[in-house]
Amino acid sequence: MVAMDRRTALGILAALPAAPAAAACARTEPSPTSTEEAALAAQDVVRDVAPLGSPWETLDPFLFCVHHDDAYPAGNERMGPAASLAGRAIGRDFAGKDGWRMYHGDVVPGFPQHPHRGFETVTVVRRGLIDHADSLGAAARYGRGDVQWLTAGSGIVHAEMFPLVERDAPNPLELFQIWLNLPRADKLADPRFVMMWGDTIPRQLARDAAGRSTEITVVAGRFGELRPPAPPPRSWAARADADVAIWTLKMAPGARFALPAASPGTNRALYFFRGSELRVGARRVPAGQRITLRDGAAALLENGPDEAEILLLQGRPIGEPVAQHGPFVMTSMAEVQQAFLDYRRTGFGGWPWPSDDPVHARAEGRFARYPDGRIETAG
């Protein structure tokens with residue numbers, strides 16, 4: 001029998017709603033002609049618009065997305081905040097007091113050990129660091145542009161802690177964690193993660209006719225000739241016909257960008273999380289909105305007066321029932337109940353770490369140590 005306390009995700013997350021390409025290069029992509037732009041600008045390509053909540057609602061094959069953005073202060077000797085924790089609901093601190101949260105951490109912010117089964121987590125770290133440890137004995141420190149893609153499959157327990165390594169400066173952290181479903185045939189695949197180090201994730205700068213830029217970062221899918229590192233082999237994203245894409249777009253004030261069409265039948269949404277106003281085809285949309293696009297259509301994006309940032313999630317729907325309880329996502333409640341039983345019985349391999357919330361040495365660089373002992377370091 002495995003002890004199940006508040007540190008497991010049965011409490012933690014149930015409480016929460018081709019070859020690598022070079023890094024960013026400044027090259028100008030061909031722009032649509034003025035006639036083509038005018039036609040795109042007049043199209044009604046928006047299916048619906050809804051405010052961003054917490055977490056962000058997603059479309060099949062995605063389950064949800066969380067955007068963490070915390071202005072952590074300098075770190076103390078234990079890599080926690082060098083600040084008072086008074087007034088915080090330690091163990092469940094999501095209020096955002098002083099611009100940051102401890103989440104489920106007691107000393108270091110983050111998410112101590114918790115299980116997953118039946119889906120994948122894609123963790124895109126824009127600023128800051130994450131210390132990973134899991135029930136397979138694997139470990140990693142990643143961030144500052146890196147991505148971890150984890151297939152939980154049949155079951156894994158992991159911790160995601162946010163070490164505040166800088167003692168004389170702030171430690172800002174910003175990340176997306178995206179939950180991507182697995183089809184029933186792959187829900188019990190062997191757990192596995194891959195690291196996509198920041199210098200292997202392709203970026204491209206596109207300029208419109210006026211020279212205003214849009215930077216495209218491609219975590220999954222393809223944009224022109226850009227190909228990101230491959231996801232784990234049992235991922236829905238590993239299937240070319242699944243048309244999965246995870247991109248971020250950073251648009252200069254007033255920039256125009258022609259978003260190429262996805263395949264017919266693909267779900268596609270834009271998460272406009274930073275900026276002031278965006279025109280999508282014929283529709284003007286304020287910031288803080290999810291914009292669901294009609295399938296099979298290209299879209300002209302025209303930014304407003306402030307720099308804008310957008311997360312794009314797209315994929316062909318899996319189209320199977322979704323039964324979820326906290327960190328377990330299956331296709332029936334009977335399978336969810338079996339996941340609870342299996343976790344209580346096996347602990348998905350147990351927990352080989354001395355604490356529920358391990359962090360690596362302050363001076364440790366970005367690395368990954370896989371279950372077979374193989375070690376990678378960031379370039």
Side-chain angles (χ1 to χ4, degrees), residues 1-16 68 72 75-81 85 90-93 101-117 119-121 123 125 128-143 146 148-165 171 173 175 177 190-195 232 326-328 339-340 342-378:
M1 180 69 68
V2 176
M4 299 176 66
D5 59 21
R6 66 177 178 82
R7 291 186 180 277
T8 71
L10 304 183
I12 291 175
L13 291 175
L16 296 176
H68 293 293
Y72 289 115
N76 61 24
E77 68 282 356
R78 300 177 67 185
M79 289 182 280
L85 300 183
I90 295 302
R92 193 178 296 275
D93 176 26
R101 304 153 186 84
M102 289 296 290
Y103 299 105
H104 292 287
D106 292 338
V107 176
V108 176
F111 296 84
Q113 63 142 317
H114 55 278
H116 292 303
R117 172 180 274 189
F119 65 101
E120 300 185 286
T121 60
T123 307
V125 187
L129 294 168
I130 295 181
D131 278 359
H132 166 94
D134 67 37
S135 53
L136 303 179
R141 170 171 286 173
Y142 64 97
D146 303 329
Q148 184 195 64
W149 196 307
L150 170 65
T151 302
S154 61
I156 193 168
V157 181
H158 74 158
E160 301 160 288
M161 306 307 298
F162 307 152
L164 308 185
V165 298
N171 288 272
L173 176 78
L175 65 93
Q177 186 164 95
D190 290 341
R192 177 171 176 172
F193 75 86
V194 298
M195 291 304 312
F328 303 142
F340 274 91
D342 291 346
Y343 175 60
R344 291 188 180 105
R345 179 173 54 86
T346 70
F348 294 160
W351 188 246
W353 303 92
S355 70
D356 290 339
D357 54 354
V359 291
H360 310 309
R362 184 185 299 274
E364 186 73 70
R366 288 149 51 225
F367 77 97
R369 185 178 69 246
Y370 294 94
D372 62 3
R374 181 170 52 95
I375 296 176
E376 289 179 353
T377 57

Q: Between Phe193 and His158, is the gap from one ring center to the other below 6.0 Å?
A: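 Ring-ring flag for Phe193/His158: false, centres at least 6.0 Å apart.
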Q: Determine yes or no for a side-chain-to-main-chain donor-acceptor pair under 3.5 angstrom, with Asp93 supplying the side chain and Met102 the backbone.
A: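 Here the side-chain-to-backbone pair exists.
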Q: Check whether any side-chain heavy atom of Thr123 sits under 4.5 Å from a side-chain heavy atom of Leu175, and report yes or no.
A: yes
Q: Mind checking whether Phe111 and His68 have parallel, tilted or perpendicular rings, split at 30° and 60°?
A: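 Geometry flag for His68 against Phe111: tilted rings.
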Q: Not counting sequence neighbours, which residues clear salt bridge (charged side-chain N to carboxylate O under 4.0 Å, His left out) with Asp342? List them please.
A: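 Per chain and number, Asp342 pairs via salt bridge (charged side-chain N to carboxylate O under 4.0 Å, His left out) with Arg117, Arg345.
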Q: Calculate, to the nearest 0.5 Å, the distance between atoms CD1 and NE2 belonging to Ile156 and His116 respectively.
A: 9.0 Å
Q: What residues form a salt bridge (charged side-chain N to carboxylate O under 4.0 Å, His left out) with Glu376, not counting sequence neighbours?
A: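 Counting only residues at least two positions away or on another chain, Glu376 forms a salt bridge (charged side-chain N to carboxylate O under 4.0 Å, His left out) with Arg374.
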Q: Which heavy atom in Gly105 sits nearest to a heavy atom in Pro112, and how many Å separate them?
A: N-CD, 4.2 Å
Q: Would the distance check show the side chain of Tyr72 and the main-chain N or O of Arg101 forming a donor-acceptor pair, the cut-off being under 3.5 Å?
A: yes
Q: Among His132, His114, Gln113, which residue meets the side-chain hydrogen bond (donor to acceptor under 3.5 Å, both in side chains) test with Glu160?
A: His114
Q: With side chains defined as the heavy atoms from C-beta onward, is the minimum distance between Asp131 and Pro358 less than 4.5 Å?
A: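 Counting from C-beta outward, Asp131 and Pro358 never come under 4.5 Å.
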Q: Distance from Leu150 atom CG to Glu120 atom CD, nearest 0.5 Å?
A: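 That separation rounds to 8.0 Å.
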Q: Taking all non-hydrogen atoms of both residues into account, name the closest pair between Val157 and Trp351 and its distance.
A: O-CZ3, 3.6 Å
Q: At what distance, to the nearest 0.5 angstrom, does CG of Asp106 lie from CG of Leu85?
A: 9.5 Å
Q: Minimum heavy-atom separation for Val107 and Pro81, please, with both atom names.
A: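 Val107 and Pro81 have their closest heavy atoms at O-CD, 3.4 Å.
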Q: Of all heavy-atom pairs between Pro191 and Ala152, which one has the smallest distance, and what is that distance?
A: CB-O, 3.4 Å
Q: List in chain and number order the residues that pass side chain to side chain contact (heavy atoms under 4.5 Å, CB included) with Val165, two or more places apart in sequence or in another chain; answer none if no residue qualifies.
A: Met79, Leu129, Arg141, Arg144, Pro163, Asn171, Arg362
Q: Got a second to check how far Leu136's CG is from Arg369's CZ, nearest 0.5 Å?
A: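 One finds 12.0 Å between CG of Leu136 and CZ of Arg369.
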Q: Shortest non-hydrogen contact from Gly137 to Trp353?
A: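 Heavy-atom minimum between the residues: O-CZ2, 3.9 Å.
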Q: Nearest heavy-atom pair of Pro232 and Thr151: which atoms, and what distance?
A: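 Taking every non-hydrogen atom into account, CB-OG1, 3.3 Å.
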Q: CG/Asp356 to CE/Met161 distance, rounded to the nearest 0.5 angstrom?
A: 9.5 Å
Q: Is the backbone N or O of Phe348 less than 3.5 Å from a side-chain atom of Ser135, with the two atoms forming a donor-acceptor pair by type?
A: yes
Q: Looking at NE2 of His360 and CZ of Arg366, how far apart are the two atoms once the value is rounded to the nearest 0.5 Å?
A: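 Between His360 NE2 and Arg366 CZ, I get 13.5 Å after rounding to 0.5 Å.
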